[in-house]
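Below is one structure; the comments refer to it alone.
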Amino acid sequence: MDAPADTDDFLVLFGDDSESRAQLLNDDTGRPVLRMGGYMTARGTVIDERVWTVRESVQHGNRLRLRLGRSLP
């Protein structure tokens, strides 16, 4: 995932033009996680909020490249 490097709260635009608010946070152990807010796809499917582990984060200029891991329960 490509994200802005200067903020921990940003908008994610999906391929079907639906969008969701995302927050880059730390869990209780200090590991980075990405909280993706709930949203509705262009076809009307409701997607609940999810939290994903962040396996890797690399900054390139003013952008972050995030490699997400598994979704947390």
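Scope of the values below: all heavy atoms of this structure, side chains included, with no hydrogens, waters or symmetry mates. Everything numeric here is computed off the predicted structure, so don't read it as measured data. In what follows, residues are counted from 1 in the order of the sequence shown.
A pairwise comparison of heavy atoms in Pro4 and Leu64 identifies O-CD1, 4.2 Å as the closest pair. The heavy-atom pair separating Tyr39 from Ser20 by the smallest distance is CD2-CB, 3.7 Å. Shown here for Ala22 and Val12, the closest heavy-atom pair between the two residues is CB-CG2, 3.7 Å. Between Asp16 and Ala42 the shortest heavy-atom distance is OD2-N, 3.0 Å. Smallest separation of non-hydrogen atoms from Arg21 and Leu11: NH1-N, 3.5 Å. The two atoms that bring Ile47 and Thr41 nearest to each other are CG1-CG2, 4.0 Å, heavy atoms only.
A distance-only check finds a donor-acceptor pair linking the side chain of Thr7 to the backbone of Asp9 [under 3.5 Å].
Under a hydrophobic-cluster definition in which Ile, Leu, Val, Met, Phe, Trp and Tyr are linked whenever side-chain heavy atoms come within less than 4.5 Å, directly or via other members, Leu34 and Leu72 are assigned to different clusters. By the criterion of side-chain heavy atoms lying less than 4.5 angstrom apart, applied directly or through intervening Ile, Leu, Val, Met, Phe, Trp or Tyr residues, Leu24 is not grouped with Val33; the two fall into different hydrophobic clusters. Linking Ile, Leu, Val, Met, Phe, Trp and Tyr residues whenever their side-chain heavy atoms come within less than 4.5 Å leaves Val51 and Met1 in two separate clusters.
Annotation: the span from Glu19 atom CD to Phe14 atom CZ amounts to 9.5 Å, rounded to 0.5 Å. Distance check: Arg55 CZ to Arg67 CZ gives 5.5 Å after rounding to the nearest 0.5 Å. In this structure, CG on Asp8 lies 12.0 Å from CZ on Arg35, to the nearest 0.5 angstrom.
Arg31 pairs by the salt bridge (charged side-chain N to carboxylate O under 4.0 Å, His left out) definition with Asp27, not counting sequence neighbours.
More than 12 heavy atoms of other residues, nucleotides or ligands sit less than 6.0 Å from atom CZ of Arg63.
Between Thr53 and Leu68, every side-chain heavy-atom pair lies at or beyond the 4.5 Å cut-off.
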